[in-house]
Amino acid sequence: MNFIPVNTPLLDGNEEKYLLECIRTGWISSEGPFIKQFEEKFADYIGRKEGIAVANGSGALDIAVQALRIGPGDEVIMPTFTIISPAQSVVRAGAMPVLVDSDPVTWNMDVTRIEEKITSKTKAILIVHIYGLPVDMDPVLELCKKNKLLLIEDAAEMHGQTYKGKKCGSFGDISTFSFYPNKHITTGEGGMVMVDDPILAERCRKLRNLAFEPSGRRFIHYELGWNYRMTNMQAALGLAQLERIDEHIIKKREIGRAYEVGLKGIKGFQLPLRKTEFAENIHWVFGLVAETPILCENVVNELNVAAIATRPFFWCMHEQPVFKNMGMFIGERYPIAEKLSRNGFYLPSGLGLSKESSEYIISKLNELSSC
Ligand SMILES: *Cc1c(COP(=O)(O)O)cnc(C)c1O
C-alpha cells in the first residue's frame with residue numbers, strides 16, 4: 001500500500017477546460033472574467049448579496065477585521081480552539097482576542113460561555129465553525145443584537161453546511177471562506193469575503209486591492225490595504241469546483257459515515273457527532289479524540305508506520321508561544337480545548353480518498369485498538 005496522505009483533492013470536472021481557457025485567452029490575472037462569475041455564483045449559492053474573491057482564507061479574515069474598523073482598544077470574543085488565522089487578524093489590527101473554551105461534544109466554541117466575556121470594550125464576536133458541525137448560532141445572534149456587537153463568521157470549513165436550514169457563511173456581518181485544497185471546494189489557494197451591505201462590499205474590494213480609491217486619482221492612498229487579489233486561473237478552478245459542490249458534500253458525508261460505522265467498536269476514542277439538533281455533520285475532516293495524550297501519540301505513530309498520514313488537532317490560542325511572548329493570555333486556562341488539542345487528531349478525509357484506502361484505515365485502527 002502506498003502512503004495515504006491526509007488529503008487528495010478531486011479535480012475531475014471542468015477544471016482543465018476552464019484553466020485552458022485562461023491560458024488561451026491570456027486572462028491570467030485578477031482582471032479576468034472568471035472572477036466575477038465565481039463571486040456571483042458562490043454568493044448566490046451561500047445566499048449573500050456580494051462575494052469578494054481573495055488570495056486565501058486568512059486574508060479574507062484580515063479584510064473582514066479591517067473593513068469593520070476593529071482596532072486598538074477593541075476586544076473580539078472568539079474560540080481558543082481554532083486555526084491561528086482569525087486570532088492573527090485580530091492581533092495584527094491591534095485589537096485583543098478574548099478567548100472562550102470549547103464544547104466537549106461538538107468541539108465548537110461553548111456559546112454559553114460568551115456572555116461572561118462581554119465588556120464595554122467588546123466590539124465583535126468572531127465564530128469559527130470547527131471540523132464539520134456549525135456553531136449554535138441562535139444564542140450568538142441574540143447576544144450580538146442585545147449588546148450591539150458585530151459578527152464575523154469564519155466558515156472556511158463549512159461550504160454548503162447549514163444551521164437550521166440556513167447556509168453557513170450567511171450569518172456574519174462579514175463571513176469568510178477558504179478554498180485551500182482540503183476544503184470542500186478548492187482554487188489551490190483562495191478565499192472569499194461575503195457581505196450583504198453594498199458599501200461594506202466596496203470597502204472590502206478596496207482593501208483587497210492595496211486600498212486604491214475606487215474613484216479619484218490612481219496611486220493616491222488614504223489607508224493601507226493588502227494585495228489579496230485572486231487570479232483568474234484560481235477562479236477558473238473555483239467555478240468548475242462549484243459546479244460539483246453538491247456531489248462533494250455527499251462524498252464527504254459518505255467518507256464520514258464509513259469511518260463512523262467502521263470505527264463504532266473502537267475503545268478509548270471519542271468520534272465526531274453525526275448530527276446535532278441543528279445540523280448533520282459535513283465532515284470537513286474526520287477527527288478522533290483519545291482518552292489520553294499517550295494513547296493519541298501511540299496510535300498516530302502506529303498509523304504512520306502503517307503508511308497512514310494523520311494531522312494533530314489545532315493548538316489553543318492561549319498556549320501559542322507567539323502570543324505568550326507578546327504577554328497575552330498569561331495564566332488563562334481552557335481545559336476542554338486543551339484536552340482536544342492534546343488528544344485529538346484526524347484521519348485522511350479528502351475528497352479523493354478511495355474506498356480501498358478508507359477500508360484499510362478502518363481495519364488498521366480496529367486492529368490497533370484491540371491490542
Ligand atoms: C483553512 C482555514 C483558514 C485559512 O484558510 P487559508 O486559505 O489556508 O488561509 C481559516 N480558518 C479556518 C477555520 C480554516 O479551516
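The analysis underlying the following values was restricted to heavy atoms, covering all of them including side chains, and did not include hydrogens, waters or symmetry mates. Order of appearance sets the numbers: ligands from 1, and atoms from 1 within every ligand.
With no hydrogens or angles considered, no side-chain donor-acceptor pair links N232 and E31 at under 3.5 Å. Between the side chains of Q234 and E189, no donor-acceptor pair is found at a separation under 3.5 Å.
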Atom pairs, nitrogen or oxygen, ligand 1 to protein, under 3.5 angstrom:
| residue | atom | partner | partner atom | Å |
| --- | --- | --- | --- | --- |
| ligand 1 | 5 (O) | S178 | OG | 3.2 |
| ligand 1 | 7 (O) | G57 | N | 2.7 |
| ligand 1 | 7 (O) | S178 | OG | 2.7 |
| ligand 1 | 9 (O) | G57 | N | 3.3 |
| ligand 1 | 9 (O) | S58 | N | 2.8 |
| ligand 1 | 9 (O) | S58 | OG | 2.6 |
| ligand 1 | 11 (N) | D154 | OD1 | 3.4 |
| ligand 1 | 11 (N) | D154 | OD2 | 2.7 |
| ligand 1 | 15 (O) | E157 | OE2 | 2.6 |
| ligand 1 | 15 (O) | K183 | NZ | 2.7 |

Name the atoms and distances for all side-chain donor-acceptor pairs under 3.5 Å in residues 168-179, with sequence neighbours left out.
| residue | atom | partner | partner atom | Å |
| --- | --- | --- | --- | --- |
| S170 | OG | K166 | NZ | 3.2 |
| S170 | OG | K167 | O | 2.5 |
| D173 | OD2 | L151 | N | 2.7 |
| S175 | OG | R48 | NH1 | 3.1 |
| S175 | OG | E153 | OE1 | 2.7 |
| S175 | OG | G169 | O | 3.2 |
| S175 | OG | G172 | N | 3.1 |
| S178 | OG | Y180 | N | 3.1 |

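Because its NZ or CZ atom is not both nearer than 6.0 Å to the ring centre of F345 and within 45° of the ring axis, R311 does not count as a cation-pi partner of that residue.
Residues meeting the side-chain contact (heavy atoms from CB on, under 4.5 Å) test with E297, sequence neighbours left out: N301. Contacts of R113 classified as side-chain contact (heavy atoms from CB on, under 4.5 Å), with partners at least two apart in sequence or in another chain: V100, D110, E116.
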